[in-house]
Amino acid sequence: MSATKTSLTPPRDAVPPARHPDAPAPGEPLGAHYDRCFGCGAGQPHGLHLVVRAGEGVSVTAEFTVRPEHQGAPGLAHGGLLATALDDTLGALNLLTHTISVTGRLETDYLRPVPVGTVLHLRARVLARHGRKIYCTAEGRLGAPDGPVAVRADALFVEVRVEHFTGHGRREEIEEAMADPDTVRRTRAFEVNP
């Protein structure tokens, strides 16, 4: 049986991304979409604790410090963890478009090792949209926003309804998120991929 890969290149009739008029202003911190998220949640003691900010156009920036609990090889960040950082940063783009979407495909290129103690500066942006498909790209740079590129990814996100999460998530966490009296936090809990 052969699987067909979904292209990460937008088709010719894809439309440019549109920033929602109510999106946070460039430079504004976006905060965690969910307190227990491994990528951006403060409630995960070994999580990445990404600090994400709205960027220009349909882009976001983020950064995190690689800690000892994030290593794969001795003294270096785990590659899967770096893919997670890119994926979570890409997922934060939802706040700028007011779209709920999940990762359909993520292709990651590792260009340089990322040592423990390094601050990784991430940038993600939406390239185009075609129906429910959202084409995005991201990169992580060592030590500074203009530092050497260590990791990059191209991604395809797919727009879904909130029922995608409520129908597949664990009941306890879903009920906790839905019971939050803060409507912004309640909505944001379902913004990024599972």
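Small disclaimer: the values here were computed from a predicted structure and weren't measured. All values below were derived from every heavy atom in this structure, side-chain atoms included, with hydrogens, water molecules and symmetry-related copies excluded.
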Of all the heavy-atom pairs spanning [X] and [Y], show the shortest one and how long it is.
X: G80; Y: Y110; answer: N-OH, 4.3 Å
X: G143; Y: T118; answer: N-CG2, 4.1 Å
X: A124; Y: T89; answer: CB-CG2, 3.8 Å
X: P45; Y: R67; answer: O-NH2, 3.3 Å
X: E56; Y: P26; answer: OE2-CB, 3.4 Å

Does [X] reach the side chain of [Y], with side-chain heavy atoms less than 4.5 Å apart?
X: L81; Y: V114; answer: no
X: Q71; Y: L76; answer: no
X: L120; Y: L142; answer: yes
X: E28; Y: R53; answer: no
X: V52; Y: L95; answer: no
X: S59; Y: R123; answer: yes

Same cluster (ILVMFWY, side-chain, under 4.5 Å), [X] and [Y]:
X: I134; Y: V158; answer: no
X: V66; Y: V51; answer: no
X: V58; Y: L156; answer: no

What distance do [X] atom [atom1] and [Y] atom [atom2] have between them, rounded to the nearest 0.5 Å?
X: L48; Y: T84; atom1: CG; atom2: OG1; value: 6.5 Å
X: S101; Y: R129; atom1: OG; atom2: CZ; value: 8.0 Å
X: D88; Y: F38; atom1: CG; atom2: CZ; value: 10.0 Å
X: C136; Y: L86; atom1: SG; atom2: CG; value: 12.0 Å
X: L8; Y: K133; atom1: CG; atom2: NZ; value: 10.5 Å
X: F157; Y: L106; atom1: CZ; atom2: CG; value: 7.0 Å

For E69, I'd like to know if atom CD has over 12 heavy atoms of other residues, nucleotides or ligands within 6.0 Å. yes

So, D154 and T137: side-chain donor and acceptor under 3.5 Å apart, yes or no? yes

Side chain to side chain contact (heavy atoms under 4.5 Å, CB included) involving A54 - partner list, sequence neighbours excluded: R19, P24, L30, L96

With side chain to side chain contact (heavy atoms under 4.5 Å, CB included) as the test, would you mind laying out the steps for L90 and T103 before giving the verdict? CA-CA 9 Å; L90 287 157; T103 309; over 6 Å; no

Sidechain-backbone polar pair: R152 side chain, D109 backbone, donor-acceptor under 3.5 Å: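 No, because the side chain of R152 does not come within donor-acceptor range (under 3.5 Å) of the backbone of D109.
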
Would you call the rings of F64 and H70 parallel, tilted or perpendicular if under 30° counts as parallel and over 60° as perpendicular? perpendicular

For a side chain to side chain contact (heavy atoms under 4.5 Å, CB included) check, start with the C-alpha distance between V149 and R141, then their side-chain angles and the critical distance, and finish with the verdict. CA-CA 4 Å; V149 176; R141 293 176 175 266; 3.4 Å; yes

